[in-house]
Engineer: 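Got a structure for you, written out below as structure tokens; questions coming shortly.
Chain A is the first sequence line, chain B the second, and so forth, proteins listed ahead of strands; every chain is numbered from 1.
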Amino acid sequence: VNEHTVRLGGITVPADLEAFESLFDAEYPRLCQALLLLTGDRFEAEDVAQEAMTRVLERWDRVRTMESPTGYLFRAALNLQRNRLRGLAVRAKRVFAEAPAPDHGPSVGDQLDVRRALAMLPRSQREALVLVDWLDLDTDEAGQVLGLSPNAVRVRLHRARTALKETLGGEA
Amino acid sequence: MSDVRELLRRGVGDYVPEPDGFELVLRRRERKQRNRRVGAGVVVAVIVAIGAAIFISQYRNDPVPATPILRPPSGWFVFSATEHGPATRESPRDLFVAGEGIAPQLVAGRPGDTTDQFCGAIAPNGTTLAYLSMEGGFLGQSGGVAQLVIAPLEDDGSLGTPTVRREIQPDEINACPRWTPDGSRLAVIDGGRVLIVGEDGTATTLQGISGATDLTWSPDGTQLAVRQGSTVSIVGDGSPHEVASGLGGEDVGQLAWSADGLAIGAAEPSKGGDPATARAFIRLVNPSTGDSRDVRVGPYGWVDNVTWLPDGRIVFTDSSGSVKVVDPRGTTEPSVLLRGRLLGFALSPDGRSIVVKELSDAASPLGGYGFVVVPVDGGPSQQLVPDSWGAEYADFDW
């Protein structure tokens, strides 16, 4: 007999998904932030992150036994992002989006400068940078997610860091 | 590193995702499950209808004879995929063929094994298939050893006994075997060097080339254009000579060579260039004279999958996620053939259609990735491979 807990929105969560919920709570925010850095668009970031989480959930029986469910999640998210789906739902959300919340952190100009600098990096460098410097994967783990050797990740990482610093005028 | 992390933190700002993410994920799963049930219902209805038709046909005076599935008129299409979900080291890809009106058939690998089957390349005669097979590996990882396999592709879509098995070291995901236009040889990247392999398995390594990451044959099959980082060289009987350089680092797109010249998709160099005004370009090179010119076609970002059409136009993808067509002889802007939901495409043997890997609409009964045939000059598209496949990587051939 499955026990269920109920979360907001009237959605029932099977008790055996507590482990998935733990993964979600631990990884979803920083995955969204990583995807924001990759896409420059918070709606697309959340859309991709939710779809990746859904795919993990659909295969949870298999994924939970893997050595690194988080690695699987990141790979699924990156693959989705690479396909750059800009579907109607994402566009619609953007059209009807509320005004952004007041920014109490770094200036909007700073954010845009960094995101623009990231957008100028080749995709492969951008992915390596976000996986290692934002998601704290080591180069072996990033290599597994990207399908690259650790050395290839290090090369891309070095180029990305150098280019980012040069683009931002040595601010870093 | 910490200073870079600080930069990224500034890029993220105070962004935190909306708090209803978990509920939305559960709703997505429920919607998919519901849609699958609907899809399964449709499948059952179709099976019942077919069964009824077969039953009725037994009492007709002109029974319909069974028709064997044979090579489709448009040729086989080959792709590597997992049947469901992203490929992983624990569940790598298998190789499938499909055709217009013919469902995918497994030709190499099996679900649950640990061998990655990828980079299928069909010879121009349509009857030979080359592919790479890596035991315990994944995605042609650098440093891994794969088998280059060449085998006859039978009329029923099955693979015959391999005629060639040879160890190679693939370096890049997109460095798949490339057949000569007459199908007598293929070139494949082996540890950064270029290996030429004949149908009988004889192999020679091109001298003077290292660090190769992509290649394409000349129309007569006597020369190769080879990409090495951000440069492109041509090699024939003599020493390699460089014909293009400074093409935008790692984002140089695929090469294509036809009677109209050598076309190279390229990105703006990662250093410099204003995103507001800079545009990615296709560099056209006259291989005989070395003359070149750039056709600015893309948004800021990259151009890839550059492919010549028989009539001299070029089809390509760019960083907007669209497939576009441009006539490099004119001054008109590229026209959009398909917008924003794909990663790559392959041209049909007759040059009249492309097959596109698309991410299905959220409302699709099955969800996932599929392949769709799109006529180059317009017209209705046709689903070639159902959109339930985990074909996350763009290595496929037609």
Engineer: For V4(B) and R161(A), which heavy atoms make the closest approach, and how far apart are they?
Structural biologist: CG2-CG, 3.8 Å
Engineer: I'd like to know if the side chain of Q33(A) and the backbone of Y15(B) have a donor-acceptor N/O pair within less than 3.5 Å.
Structural biologist: yes
Engineer: Indicate the ring-plane relationship of F20(A) and F22(B), choosing parallel, tilted or perpendicular according to the 30° and 60° boundaries.
Structural biologist: tilted
Engineer: Could you state the interatomic distance from CD (E46(A)) to CD (E18(B)), rounded to the nearest 0.5 Å?
Structural biologist: 5.5 Å
Engineer: For L129(A), which atoms come within 4.5 Å of any heavy atom of chain B: side chain, backbone, both, or neither?
Structural biologist: both
Engineer: Can you tell whether the side chains of E58(A) and R29(B) come within less than 4.0 Å, N to carboxylate O?
Structural biologist: no
Engineer: For residues F24(A) and G21(B), report the shortest heavy-atom separation together with the two atoms involved.
Structural biologist: CZ-C, 3.4 Å
Engineer: Less than 4.5 Å apart, any side-chain heavy atom of L8(B) and any of L118(A)?
Structural biologist: yes
Engineer: Before giving the answer on side chain to side chain contact (heavy atoms under 4.5 Å, CB included), spell out for L24(B) and M53(A) the whole-Å C-alpha distance, their side-chain angles and the decisive distance to 0.1 Å.
Structural biologist: CA-CA 10 Å; L24(B) 291 173; M53(A) 281 289 184; over 6 Å; no
Engineer: To the closest 0.5 Å, what do you measure between CG (D133(A)) and CG (L7(B))?
Structural biologist: 9.5 Å
Engineer: Do you know the tightest heavy-atom contact between C32(A) and P17(B)?
Structural biologist: SG-CB, 3.7 Å
Engineer: Quick one: CG on L57(A) to CD on E30(B), what's the gap to the nearest 0.5 Å?
Structural biologist: 10.0 Å
Engineer: Before giving the answer on side chain to side chain contact (heavy atoms under 4.5 Å, CB included), spell out for R9(B) and V114(A) the whole-Å C-alpha distance, their side-chain angles and the decisive distance to 0.1 Å.
Structural biologist: CA-CA 9 Å; R9(B) 197 194 64 75; V114(A) 174; over 6 Å; no
